[in-house]
Protein chains: 2
Amino acid sequence: MKPFNSYKNPALAVDLVVFGYQGESLSVLLLNRKDEPFKDQWTLPGGFLQMEETFKDTCARILLTKLGINNLYTEQLFSFDDINRDPRGRVISVSYFTLINPKRFALVTGSMANDVKWFNIAKLPALGFDHRHIFKIALERLRAKIQYNPVGFELLNEKFTLPELHQLYEQVLDFPIDRRNFRRKILDSGFISSTGEKKTGAQNRHPDIYMFNKQLKSNQFHLNLQSPAKD
Amino acid sequence: MKPFNSYKNPALAVDLVVFGYQGESLSVLLLNRKDEPFKDQWTLPGGFLQMEETFKDTCARILLTKLGINNLYTEQLFSFDDINRDPRGRVISVSYFTLINPKRFALVTGSMANDVKWFNIAKLPALGFDHRHIFKIALERLRAKIQYNPVGFELLNEKFTLPELHQLYEQVLDFPIDRRNFRRKILDSGFISSTGEKKTGAQNRHPDIYMFNKQLKSNQFHLNLQSPAKD
DNA sequence: ACAAAAGTGTTCTAACTACACCCATGA
DNA sequence: TCATGGGTGTAGTTAGAACACTTTTGT
């Protein structure tokens, strides 16, 4: 066996699938590339891992310098290894996904990009590299995860109403969910509690305002929401 | 931004958690290292990714040259990035797990190792690197996965009895499962069918022999087995 | 005939689904 | 007072848990 470091190593990129929820639909953040390869095409934000960085450090750096965002929930998704996934040479992509509330951040188009924009997940443009595939895996993961983890709350304001949360679940899962059953499941899970306040302004009954119960241990919570069977 | 390939890249290792089932308990395959670092200590089998290899290629190479095993089900687990996880320098580990039936293979102690051995998962020795951590994640994943995927069958012979499958599930999940309910759930899932044969020899009623239904699409199958609540 | 392990069925309970009416608000 | 959307309860069904007896075999 050859000694350590006599091997040539592939480059290691970290790519991010940034989900946001706004205007009552689920979006992903894409970046229009200024340079080759895939110049002027849309891709997921990403960057190369530096020797002294952990993956999460790289995520944070990308989010801050390319998008002006800091302090986020990130979770490792998968590592992609297709030999020809990058025309410049061998590049492994370790992908992460993250959830943000777009209202909290003003996007910055870093020096690397022509543009940075939110895209409705149902209307994505063509993506460079294998990013369409990465996005697809991320969406599957989000859909699975939202059923048994309080990740939905990362996408909303700190205070939110049950109808807002309900609509978020319907948007993410892409099937209708019974309002009343949803309410009962969520409340029974103990993950949210009422603030006692009500959201005023609308010309109809004012919905109660809830908050996520941070102190609760992330134990059993399984909404078990399912797409209604088709015949 | 610096041009592509002006970066120094970390080394990329692929580490394998190889689960086997024999002697009525769940085991992992460990390798005793011949060289530094962690000389004479036990670790997971692993190796460095070559430029022209996919992760699965590397897995196959490690399994073949270090263990004499080929042709396996492998699945990506997670990528580990602690900066000091390897004393030789920065090494990222992409880990995979795999399931084998130890009876099908004669282990080979490759030139790299002092020894290769199966260890009962309840009696692991100290492991080098962060391999104890990797193992722990793999076991969690296996426990989750066996509930909704027919992975259990990889660990058994092609033909098996229901009591054998039942015991495997109890060993992997580490809690008792009602025989009768287990039988019903497994049979209802449609993932196995009877061969019509019976396993003879024992001094008691001869159990029916089943096979995994390969042609079935991997759709809905959720055993939903749970550890009995403690008070 | 006995010991050992496999095969089988039912009752009880908890969880989920489906569904419709009343309430609060602003215009 | 009306239109809009939020809040609430129940009956019926289904899925899961708990549980014990009978059958087959080798000695």
Side-chain angles (χ1 to χ4, degrees), chain A residues 24 146-148 156-157 159-171 173 175-211 219-231, chain B residues 24 146-148 156-157 159-171 173 175-211 219-231:
Chain A
E24 291 155 11
I146 203 172
Q147 299 251 8
Y148 55 88
L156 294 174
N157 295 323
K159 298 180 173 186
F160 52 87
T161 67
L162 263 175
E164 283 165 1
L165 188 62
H166 176 241
Q167 204 210 13
L168 166 62
Y169 270 78
E170 287 196 332
Q171 285 295 318
L173 293 174
F175 55 77
I177 301 166
D178 184 90
R179 245 171 12 103
R180 292 155 288 190
N181 295 338
F182 177 78
R183 168 181 292 265
R184 178 162 18 83
K185 284 185 182 188
I186 285 282
L187 290 174
D188 287 353
S189 77
F191 265 95
I192 67 176
S193 37
S194 174
T195 61
E197 305 162 74
K198 284 174 188 295
K199 183 178 175 188
T200 59
Q203 129 182 18
N204 49 38
R205 184 166 178 168
H206 289 174
D208 296 343
I209 294 179
Y210 291 85
M211 286 182 69
N219 57 348
Q220 303 318 26
F221 155 15
H222 200 318
L223 299 181
N224 203 24
L225 302 168
Q226 293 189 15
S227 179
K230 304 149 203 161
D231 46 306
Chain B
E24 291 157 12
I146 202 172
Q147 299 251 9
Y148 55 86
L156 295 173
N157 294 323
K159 298 180 172 187
F160 53 87
T161 67
L162 263 175
E164 282 165 2
L165 189 62
H166 176 243
Q167 204 209 13
L168 167 63
Y169 271 77
E170 287 197 332
Q171 286 294 319
L173 293 174
F175 55 76
I177 301 165
D178 184 272
R179 247 170 11 103
R180 293 154 289 190
N181 293 340
F182 176 78
R183 169 182 293 265
R184 178 160 21 81
K185 284 185 179 186
I186 286 281
L187 290 175
D188 286 355
S189 77
F191 266 95
I192 65 175
S193 37
S194 173
T195 62
E197 304 162 74
K198 286 175 188 293
K199 183 179 175 186
T200 59
Q203 129 181 16
N204 50 37
R205 184 165 179 169
H206 290 173
D208 296 343
I209 293 179
Y210 291 84
M211 286 184 68
N219 59 348
Q220 304 317 25
F221 155 16
H222 200 317
L223 298 182
N224 204 25
L225 302 168
Q226 293 190 14
S227 180
K230 304 149 203 160
D231 45 311

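Hydrogens, waters and symmetry mates are skipped; everything else that's a heavy atom, side chains included, is used. We name chains A, B, ... by the order of the sequence lines, and we start the count at 1 in each one.
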Asn181(A) and Arg184(A): side chain to side chain contact (heavy atoms under 4.5 Å, CB included), yes or no, with the steps?
-> CA-CA 5 Å; Asn181(A) 295 338; Arg184(A) 178 162 18 83; 2.6 Å; yes
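Between Leu173(A) atom CG and Gln226(A) atom CD the span is 11.0 Å, to the nearest 0.5 Å. In this structure, CD1 on Ile192(B) lies 6.0 Å from CD1 on Ile186(B), to the nearest 0.5 angstrom.
Of all heavy-atom pairs spanning Asn224(A) and Lys185(A), the tightest one is O-NZ, 3.6 Å. Between Tyr210(A) and Arg183(A), the shortest heavy-atom distance links the atoms OH-NH1, 4.1 Å.
Atom CZ in Arg179(B) sits roughly 11 Å away from atom C1' in dA4(C) (whole-Å rounding). As rounded to whole Å, 12 Å separates atom C1' of dT8(C) from atom CG of Leu162(B). Put simply, NE2 on His222(A) is 16 Å from P on dA15(D), counting in whole angstrom units. Taking atom CD of residue Gln167(B) and atom C1' of nucleotide dA5(C), one finds them 13 Å apart after rounding to whole Å. Rounding to whole angstrom units, NE2 of residue His166(A) and C1' of dG6(D) are separated by 12 Å. One atom, CG of Asp178(B), and another, C1' of dT8(C), lie 12 Å apart when rounded to the nearest Å. As rounded to whole Å, 13 Å separates atom P of dG6(D) from atom CD1 of Ile209(A). A straight line from CD of Gln226(A) to P of dT17(C) spans 7 Å, rounded to a whole angstrom.
For the salt bridge (charged side-chain N to carboxylate O under 4.0 Å, His left out) test, residues two or more places apart in sequence or in another chain that qualify with Glu197(A) are Lys159(A).
Asn224(B) contributes no side-chain N or O that forms a donor-acceptor pair with the base of dA15(D) under 3.5 Å. Within 3.5 Å, no donor on the side chain of Arg183(B) pairs with an acceptor on the base of dG7(C), nor the reverse. One can find a donor-acceptor pair under 3.5 Å joining the base of dA20(C) and the side-chain atoms of Arg180(A). Donor-acceptor pairing under 3.5 Å, judged by distance alone, is absent between the side chain of Arg184(B) and the base of dA15(D).
Judged by distance alone, the side chain of His166(A) and the main-chain N or O of Thr161(A) form no donor-acceptor pair under 3.5 Å.
When heavy atoms are screened at a 4.0 angstrom cut-off, Asp208(A) is found touching the sugar-phosphate backbone but no base atom.
Residue Tyr210(A) is the one, among Tyr210(A) and Leu223(B), whose nearest nucleotide of DNA chain D lies closer to the 5' end (criterion: closest heavy atom). Comparing Asn181(A) and Pro163(B) along DNA chain C, the residue whose closest nucleotide (by nearest heavy atom) sits nearer the 5' end is Pro163(B).
Within residues 194-205 of chain A, the residues that place at least one heavy atom under 4.0 Å from DNA chain D are, in residue-number order, Gln203(A), Asn204(A), Arg205(A).
Contact between the side-chain N/O atoms of Lys185(B) and the OP1/OP2 oxygens of dA17(D) is found at a separation under 4.0 Å. Applying the 4.0 Å criterion to OP1 and OP2 of dA5(C), one finds that His206(B) has every side-chain N and O outside that range.
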